[in-house]
Amino acid sequence: MSQTAVDVPPKGGFSFDLCKRNDMLTQKGLKAPSFLKTGTTIVGLIFKDGVILGADTRATEGPIVADKNCEKIHYMAPNIYCCGAGTAADTEAVTDMVSSQLRLHRYQTGRDSRVITALTLLKKHLFSYQGHVSAALVLGGVDITGPHLHTIYPHGSTDTLPFATMGSGSLAAMSVFEAKYKEGLTRDEGIKLVAEAICSGIFNDLGSGSNVDICVITKGNKEYLRNYMEPNPRTYVSSKGYSFTKKTEVLLTKITPLLERVEITEVGEAMEE
Amino acid sequence: MTFTIPIENGNGVKNAEADSQRTLYPYVTGTSVVAIKYKDGILMASDMGGSYGSTLRYKNIERMKAIGKHSLLGASGEISDFQEILRYLDELMLNDNMWDDGNSLGPKEVHNYLTRVMYNRRNKFNPLWNTLVLGGVKNGEKYLGMVSMIGVSFEDNHVATGFGNHLARPILRDEWREDLSFEEGVKLLEKCMRVLLYRDRSAINKLQIAKMTEEGVTVSEPYSLKTFWDFKAFTNPTVGAEGSW
């Protein structure tokens, strides 16, 4: 029997074992890969009947735009959505995780999820990682107690606000909100204000860009308006579509659908429980 | 005969005496200045606060001054460096008057002078820690420009320094038009200053607006803006979400 030392993984949290080796490598001149961040302008606002969330769609990797049309408004529950800024992997993972936890909780309690449940689950997780999970979130939803809007910072602190912005474009968006927000906005006024704030971020912040995504949540209803506004279209689009080079002889263009070869016959009993 | 003992630090060998003569960080600072061109000339707004780190030490500092007949200078950053710049400009204007040739320095010339001064100081690693806004009207031509502490200078229809870069610029880019009337211009500046008041921790609610036209400069009396803090959500933010904050 060979005596191999089995490395038991640590019980939880981050393992900082490789930090020393990484430091040594950077000293020798190795460039560490950069994170995919979401630069970002994300906003939320409470209007008369519910909550409106908005986000831009640019994901940056250092100075390069990695994704021109990513989705920053994440699903948490049928009545709760969450916008995420910071490291893209962190926001995706953390919202996915809490979304699953909320679903299990719904099965267990038999009730719709509440926004403060999502809030507490998120802040507990982020606090326990002491800010290393770089996710700054705007959480909004409508539950049995009414509409709610919260911001969650990477270190785990939260705020409950009537209007909120996060991300590198937050100041540009906040200046629009501070100048124009009123209480009791109608749905159309709210959408217009959110779109204006996101556009302010898109045009005045280098980390944000491309299109505007909007999500309107009211009691019993939600509308996810993906690419609600596209203020940055391609400037020159060829009207001919794709043109082959002169040398190619296009003989025939025909699309043949693949036939179904497998015949499925319904025989036998269903699987036994 | 004085000997200076060279002290070795990360940047190489420097003289201990020489180090204490350079500006390393600002002490008493003014916050943002916002300025726009309007129909008859230039409008500039700034508050009257001077912060000493995180303390609001001085609440009566005029950060905008008239330069000669044609220009208006506003500054954010170190107040003592602003006062030094005013002395330089005094000297410049005096020498210009002594020529007595019926010509006087306009805003373009003053802006150029300030750019040279700021850039040269930056090259000597001893900057004047200010971002300056220079506006003026001469012979019917409106001029509005900005110089930063490292010598970056440019001219534009609307400028903002400090926090105004992030909070006021988006509003100005959206809402500035070619011929704003005086009232519209003041309203636009007040909109920007109000957002700065809400969101800049070193801003105070005591501001002045300066108007520069062909006739001359008028700096208004200090006044304060109306703010609104009565959102229902602020009175009881966590109603319905007990347990959060």
Side-chain angles (χ1 to χ4, degrees), chain A residues 41 45-48 51 114-124 139-152 157-165 168-185 196-206 208, chain B residues 31-32 34 36 45 47 156-176 184-203 205 207 225-245:
Chain A
T41 310
L45 102 40
I46 296 201
F47 72 110
K48 203 152 51 101
V51 178
R114 298 193 186 193
V115 181
I116 45 169
T117 318
L119 180 74
T120 314
L121 289 168
L122 284 164
K123 72 152 79 166
K124 274 183 72 167
L139 175 72
V142 180
D143 57 32
I144 193 78
T145 54
H148 297 286
L149 179 68
H150 302 279
T151 54
I152 310 167
S157 66
T158 60
D159 279 317
T160 314
L161 296 165
F163 56 92
T165 66
S168 57
S170 63
L171 282 92
M174 186 51 90
S175 72
V176 170
F177 273 171
E178 283 286 14
K180 299 188 181 166
Y181 179 78
K182 288 192 317 283
E183 288 191 298
L185 291 165
E196 228 183 293
I198 300 289
C199 282
S200 175
I202 287 176
F203 292 119
N204 293 304
D205 172 45
L206 297 175
S208 317
Chain B
T31 180
S32 1
V34 190
I36 55 173
D47 68 15
D156 207 347
N157 290 324
H158 46 79
V159 295
T161 70
F163 248 95
N165 267 313
H166 298 109
L167 291 170
R169 269 236 167 88
I171 301 180
L172 293 172
R173 279 182 178 165
D174 241 2
E175 305 191 8
W176 183 87
E184 290 174 332
V186 171
K187 251 183 79 175
L188 184 57
L189 280 181
E190 285 189 346
K191 198 179 207 177
C192 295
M193 295 304 283
R194 187 171 291 118
V195 177
L196 285 167
L197 178 61
Y198 283 136
R199 294 281 162 175
D200 178 5
R201 83 166 184 178
S202 35
N205 198 1
L207 67 143
L225 293 168
K226 276 215 281 278
T227 53
F228 182 71
W229 296 95
D230 289 327
F231 286 126
K232 274 205 308 288
F234 288 168
T235 50
N236 199 358
T238 56
V239 65
E242 265 76 43
S244 72
W245 64 89

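What you see is a predicted model; the values in this text were computed from it and never measured. Lettering follows sequence order; numbering is per chain, from 1. The figures here come from the full heavy-atom set of this structure, side chains too, leaving out hydrogens, waters and symmetry mates.
- Summarising the geometry of A:Leu171 relative to B:Leu167, their closest heavy-atom pair is O-CD2, 3.3 Å, with the distance given to 0.1 Å.
- Contact of A:Phe203 with chain B is made through the backbone alone, with heavy-atom distances under 4.5 Å.
- Between atom CG of residue B:Leu196 and atom OG of residue A:Ser175 there is a gap of 9.0 Å, rounded to the nearest 0.5 Å.
- For the residue pair A:Asn204 and B:Arg169, no side-chain donor N or O sits within less than 3.5 Å of a side-chain acceptor on the partner.
- Other residues, nucleotides and ligands contribute over 12 non-hydrogen atoms within 6.0 Å of the NE2 atom of B:His158.
- Taking each heavy atom of B:Lys191 and A:Ala179 in turn, the nearest pair found is CE-CB, 3.8 Å.
- Interface remark: B:Glu175 contributes side-chain atoms only to the contact with chain A (heavy atom separation under 4.5 Å).
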Exercise for review: Carefully, step by step, assess A:Phe177 and B:Val195 under the rule side-chain contact (heavy atoms from CB on, under 4.5 Å).
Suggested key: CA-CA 9 Å; A:Phe177 273 171; B:Val195 177; over 6 Å; no
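- Only the backbone of B:Asp230 has a heavy atom closer than 4.5 Å to any heavy atom of chain A.
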Exercise for review: Start with the C-alpha distance between A:Glu178 and B:Arg194, add both sets of side-chain angles, then the distance that settles salt bridge (charged side-chain N to carboxylate O under 4.0 Å, His left out), and finish with yes or no.
Suggested key: CA-CA 8 Å; A:Glu178 283 286 14; B:Arg194 187 171 291 118; over 6 Å; no
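- Annotation: side chain of B:Asp174 is in contact with side chain of A:Glu196 (closest heavy-atom distance under 4.5 Å).
- Annotation: the span from A:Phe163 atom CZ to B:Phe231 atom CZ amounts to 5.0 Å, rounded to 0.5 Å.
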